[in-house]
Asks: 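Here it is: the structure, laid out below.
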There are 2 protein chains.
Amino acid sequence: MLGISISTVSRALKDHPDISDKTKQRVTELAQALDYEPNANAINLRSSKNNLFGLIVPTISNFFYDSFIAAIEEECRRNNYSMMILQSGDDPVVEQENIKLCRQNRIGGLFACITSQTSNFEPFFKLHNIDVPVIFFDKVPDDSRANRVCVADAASATIAANTILEKKKKKVLALFGNQNLSITKKRLEAFQKTTGKKTKLIIEHVNNAEEAQQATYLALKENPDTIFCMSDEILTGSMKAIQQAGLSIPGDIAVIAISNGFIPKLYFPEITYVETSGYKLGKLAFSSMMACLAGSTFLQELTIECLLVEGGSI
Amino acid sequence: MLGISISTVSRALKDHPDISDKTKQRVTELAQALDYEPNANAINLRSSKNNLFGLIVPTISNFFYDSFIAAIEEECRRNNYSMMILQSGDDPVVEQENIKLCRQNRIGGLFACITSQTSNFEPFFKLHNIDVPVIFFDKVPDDSRANRVCVADAASATIAANTILEKKKKKVLALFGNQNLSITKKRLEAFQKTTGKKTKLIIEHVNNAEEAQQATYLALKENPDTIFCMSDEILTGSMKAIQQAGLSIPGDIAVIAISNGFIPKLYFPEITYVETSGYKLGKLAFSSMMACLAGSTFLQELTIECLLVEGGSI
DNA sequence: GTTTTTCCAACAAACGTTTGCGGAATTGTT
DNA sequence: AACAATTCCGCAAACGTTTGTTGGAAAAAC
């Protein structure tokens with residue numbers, strides 16, 4: 001339309017010194033008028049750099065993951081990255097498809113929370129081999145080749161256990177998640193180690209809120225004086241059982257949990273919890289990603305510090 | 001590596017009849033071995049079709065929007081679409097930047113929840129003009145040129161009110177949100193209209209969970225037999241006050257709410273609520289999008305039907 | 001033995017950018 | 001007036017695909 005070549009237009013739009021001010025002005029004005037926006041696909045193809053991160057999460061609608069995602073999104077915007085969010089639905093097959101999608105879109109890095117049944121980590125490591133960093137978060141493989149950012153699993157469980165000991169509790173119903181997950185193993189181990197023989201433990205493993213409710217309801221017959229919940233989901237189930245049994249907190253029974261912080265504030269009194277912030281974890285994961293992209297080949301397992309937030313439940 | 005041309009490889013991978021079975025096999029085997037995945041950017045560029053939807057939302061970490069997003073993500077995957085999620089932070093400036101990003105990535109359609117201060121809808125309609133459908137959801141512009149999908153505000157309040165009447169409740173504490181929001185006005189009006197003079201109403205307006213808790217705690221002195229909460233956030237505050245007062249549900253007091261469904265299931269008994277499902281809204285928005293892409297130019301405002309979900313709280 | 005058909009596979013153009021290189025026109029220097 | 005320097009811009013290649021068209025060899029038909 002202006003009678004000039006494509007390359008001149010390209011340079012004019014990028015304020016290249018080769019182009020005269022007069023031409024630049026004509027080009028920018030027309031671009032404005034036509035609502036021109038550069039085609040990201042063409043740019044990515046030409047540059048072989050996508051500025052795109054993949055993010056695989058079991059589900060978006062979860063108060064831990066959504067705050068993690070929000071943190072990543074904020075940082076992506078600040079750093080001119082886009083992100084592709086994919087849900088695995090905790091299904092290893094879908095997870096594989098998601099990785100495939102990520103590869104097709106030539107992501108520059110992947111944030112991944114594995115499913116509880118993921119056993120083959122090769123697809124992840126293959127990404128790493130072609131210089132696409134993979135940062136595992138929350139649920140991470142127990143493999144030394146993996147970059148991991150986690151909540152301080154052992155530390156958080158230790159803090160919770162110490163709080164229980166300080167309050168001189170004697171019989172604790174401790175609810176943990178799926179035994180295969182490293183998160184469960186670590187929390188359980190630290191919890192047991194800290195309590196030692198100083199208090200009696202009733203340990204139950206549950207896979208969801210409903211199982212937590214049933215397990216709690218049954219275990220209440222043994223008259224524990226405290227309930228410890230390893231996660232928010234377990235806490236919600238357990239709290240239903242306590243309400244069902246008509247017990248008052250902390251009079252009849254004390255409660256303490258490891259949590260992202262949202263759920264504990266829904267009850268009265270608010271539940272005392274050890275904070276594991278998804279938002280903070282997201283920030284940490286992003287900076288870890290940037291370090292990898294900057295050339296750091298140092299494999300690392302990073303953890304966010306945790307904090308006891310006092311409610312009135314113990 | 002195989003001594004054949006690129007185009008032959010391309011056809012072999014797509015099972016084109018021009019290619020011999022022997023060649024096809026050699027190609028697919030090598031592709032497998034090399035972990036070949038087609039470059040989505042190149043495909044998109046070549047085809048000028050991205051199979052990409054944009055999604056702009058005030059914030060991801062919200063139990064209404066995240067279920068909306070989850071629904072869209074599911075459908076996208078089923079239909080071979082990707083999606084680009086962007087947060088506006090309820091800031092019109094960021095919203096504009098997000099639209100720009102969408103244009104650059106040549107989205108095929110946009111799901112948009114506008115900010116509370118959005119006044120210029122031209123950027124949205126410009127998308128529509130270049131055959132990129134825009135489906136507004138939840139917070140939508142009051143403009144007849146817009147495709148809209150919403151929860152049925154009036155209908156949901158009416159159902160809640162009717163339920164209260166059926167249970168022969170006589171004194172209802174009704175908690176509503178900020179008076180300036182259209183959502184509040186619509187629900188309040190329908191609620192009042194339905195209850196009429198058949199039951200006594202104590203109406204309170206609150207801006208957050210904490211105010212809901214305080215308002216409930218104070219209003220309990222007037223001995224209402226039922227509490228109605230207009231939203232999830234209000235419900236959480238109100239429930240805390242009920243626990244604080246040591247009241248049992250539904251024996252001492254009945255509770256009913258309008259909700260997305262997650263919060264009511266945290267209590268025992270579960271709270272009866274009128275469902276305004278973000279998930280269903282997402283499904284509706286997606287099918288509306290597909291209809292637009294299929295050529296429907298019929299502008300529409302769709303609402304999801306609402307449903308009473310019985311817990312044991314009334 | 002020649003022509004026709006069939007089967008495979010290669011060539012080239014196109015999608016929208018960016019950028020090294022070269023070239024024309026203008027200006028400046030003796 | 002001749003030459004050098006400067007300013008501005010176009011050509012062409014490349015990123016990784018897809019696909020219409022063309023080409024060549026082997027197989028079949030006459």
Side-chain angles (χ1 to χ4, degrees), chain A residues 1-52 54 80-82 84 100-108 127 130-132, chain B residues 1-52 54 80-82 84 100-108 127 130-132:
Chain A
M1 292 178 66
L2 258 26
I4 59 179
S5 75
I6 293 173
S7 47
T8 302
V9 173
S10 174
R11 279 189 251 260
L13 288 172
K14 311 200 79 188
D15 206 22
H16 193 283
D18 266 12
I19 309 299
S20 67
D21 289 341
K22 194 172 50 183
T23 305
K24 280 179 190 169
Q25 196 185 336
R26 292 204 306 149
V27 170
T28 49
E29 274 173 6
L30 185 59
Q32 190 85 341
L34 296 178
D35 285 320
Y36 169 82
E37 290 292 344
N39 184 320
N41 279 317
I43 294 174
N44 294 338
L45 179 59
R46 151 91 192 178
S47 65
S48 305
K49 275 230 158 196
N50 275 20
N51 277 25
L52 208 212
N80 266 312
Y81 273 84
S82 299
M84 192 172 162
K100 199 168 171 181
L101 261 176
C102 285
R103 294 186 69 119
Q104 291 178 355
N105 283 278
R106 299 298 189 267
I107 57 164
L127 278 173
I130 55 174
D131 285 328
V132 175
Chain B
M1 292 179 63
L2 258 27
I4 58 178
S5 76
I6 293 173
S7 48
T8 303
V9 173
S10 175
R11 286 180 163 91
L13 288 173
K14 311 200 81 187
D15 207 23
H16 192 283
D18 265 11
I19 309 298
S20 66
D21 288 343
K22 194 171 51 184
T23 304
K24 280 179 189 168
Q25 195 184 338
R26 292 203 307 148
V27 170
T28 49
E29 275 174 6
L30 185 59
Q32 189 86 340
L34 295 178
D35 286 318
Y36 169 82
E37 290 292 344
N39 184 321
N41 279 315
I43 293 174
N44 294 337
L45 179 60
R46 151 93 194 178
S47 64
S48 305
K49 275 230 160 197
N50 275 19
N51 277 27
L52 209 211
N80 266 314
Y81 273 84
S82 299
M84 190 171 166
K100 197 169 171 180
L101 262 175
C102 284
R103 295 186 68 119
Q104 291 178 357
N105 282 279
R106 300 296 189 269
I107 56 164
L127 279 173
I130 55 174
D131 284 328
V132 175

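The shown structure was predicted, so the numbers you read here are calculated from the model rather than taken from an experiment. Note: hydrogens, waters and symmetry copies are ignored here, and every other heavy atom, side chains too, is used. Sequence lines set the chain letters: A, B, ... in the order given, protein chains first and strands last, and positions in each chain run from 1.
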Asks: Within less than 4.0 Å of OP1 or OP2 of C:dA10, is there a side-chain N or O belonging to B:Ser5?
Replies: yes
Asks: Can you tell me the distance, in whole Å, between the NZ atom of B:Lys22 and the P atom of C:dC8?
Replies: 9 Å
Asks: Rounded to whole angstrom units, what separation is found between the CD1 atom of A:Ile6 and the P atom of D:dA13?
Replies: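 For the pair A:Ile6 CD1 and D:dA13 P, the rounded distance is 15 Å.
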Asks: Taking CG from B:Leu2 and P from C:dA10, how many angstroms apart are they, rounded to a whole number?
Replies: 10 Å
Asks: Please tell me if A:Ser47 has a side-chain N or O lying less than 4.0 Å from either OP1 or OP2 of C:dT17.
Replies: no
Asks: Under 4.0 Å: is that the gap between some side-chain N or O of A:Ser7 and OP1 or OP2 of C:dT17?
Replies: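 No, outside the criterion.
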Asks: Using a 4.0 Å heavy-atom cut-off, does B:Asp18 contact any base of the nucleic acid, only the sugar-phosphate backbone, or nothing at all?
Replies: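 If one applies the 4.0 Å heavy-atom cut-off, B:Asp18 turns out to touch a base.
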Asks: Using whole Å, what does the distance between atom P of nucleotide C:dT18 and atom CG of B:Asn41 come to?
Replies: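 Rounded to whole Å, this separation is 14 Å.
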Asks: Which nucleotide wins on minimum distance to the side chain of A:Ala42, given the candidates C:dG16, C:dC15, D:dC9?
Replies: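 So the side chain of A:Ala42 is nearest to C:dG16.
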Asks: Counting side-chain heavy atoms from C-beta on, which of D:dG10, D:dA13, C:dA9 comes nearest to B:Ser20?
Replies: C:dA9
Asks: For A:Tyr36 and for B:Ile19, find the nucleotide of DNA chain C with the closest heavy atom, then tell me which residue's nucleotide is more 5'.
Replies: B:Ile19
Asks: Phosphate oxygens OP1/OP2 of D:dT17: is one of them under 4.0 Å from a side-chain N or O of A:Arg106?
Replies: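 For D:dT17, OP1/OP2 do have a side-chain N/O of A:Arg106 under 4.0 Å.
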Asks: Check the distance between D:dG10's P and A:His16's NE2 and give it to me in whole angstrom.
Replies: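 Answer to the nearest Å: 14 Å.
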Asks: For A:Leu45 and for B:Pro17, find the nucleotide of DNA chain C with the closest heavy atom, then tell me which residue's nucleotide is more 5'.
Replies: B:Pro17
Asks: Tell me what B:Gln104 touches on the nucleic acid: a base, only sugar-phosphate, or nothing, going by heavy atoms under 4.0 Å.
Replies: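 Here B:Gln104 touches no strand at all.
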Asks: Tell me the interatomic distance from A:Arg103, atom CZ, to D:dG16, atom C1', rounded to whole angstroms.
Replies: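 From A:Arg103 CZ to D:dG16 C1': 16 Å.
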Asks: Where the side chain of B:Ser10 is defined as all heavy atoms beyond and including C-beta, which of C:dA10, C:dT17, D:dT18 is the nearest nucleotide?
Replies: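 The answer is D:dT18, which lies nearest to the side chain.
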Asks: With distance as the sole criterion, is a donor-acceptor pair present between the side chains of A:Asn50 and A:Asn105 under 3.5 Å?
Replies: no
Asks: By nearest atom, which of the nucleotides C:dT19, D:dC8, D:dT17 is closest to the A:Lys14 side chain?
Replies: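 In terms of side-chain proximity for A:Lys14, the closest of C:dT19, D:dC8, D:dT17 is C:dT19.
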Asks: Is there a side-chain contact between B:Ser48 and the phosphate of C:dC15, meaning an N or O under 4.0 Å from OP1 or OP2?
Replies: no
Asks: Are there more than 12 heavy atoms of other residues, nucleotides or ligands under 6.0 Å from atom CD1 of A:Ile6?
Replies: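 12 or below, so no.
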Asks: Answer yes or no: is there a donor N or O on one side and an acceptor on the other, between the side chain of B:Asn44 and the main chain of A:Asn41, under 3.5 Å?
Replies: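 No, because the side chain of B:Asn44 does not come within donor-acceptor range (under 3.5 Å) of the backbone of A:Asn41.
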Asks: Please tell me whether B:Ser7 and B:Ser10 have a donor and an acceptor in their side chains that are separated by less than 3.5 angstrom.
Replies: no
Asks: Test your reading of the model: is there a side-chain donor-acceptor pair from A:Thr28 to the backbone of A:Lys24, 3.5 Å cut-off?
Replies: yes
Asks: How far apart are the closest heavy atoms of A:Arg26 and A:Ile4, and which atoms are they?
Replies: NH2-CG2, 4.1 Å
Asks: Counting heavy atoms from C-beta on, name the nucleotide in C:dG16, C:dA14, C:dC21 closest to the side chain of B:Arg46.
Replies: C:dA14
Asks: Expressed as a whole number of angstroms, how long is the span from B:Asn44:CG to D:dG16:C1'?
Replies: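 Rounded to the whole Å, the gap is 11 Å.
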Asks: Nearest to the side chain of A:Ile43, which nucleotide is it out of D:dG10, C:dA9, C:dT17?
Replies: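 Looking only at side-chain atoms, A:Ile43 lies closest to C:dT17.
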Asks: Mind calculating the distance between CD (B:Glu37) and P (D:dT17) to the nearest angstrom?
Replies: 10 Å
Asks: Can you tell which of C:dG16, D:dT18, D:dC11 lies closest to the side chain of A:Arg11?
Replies: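 Side chain of A:Arg11 sits closest to D:dC11.
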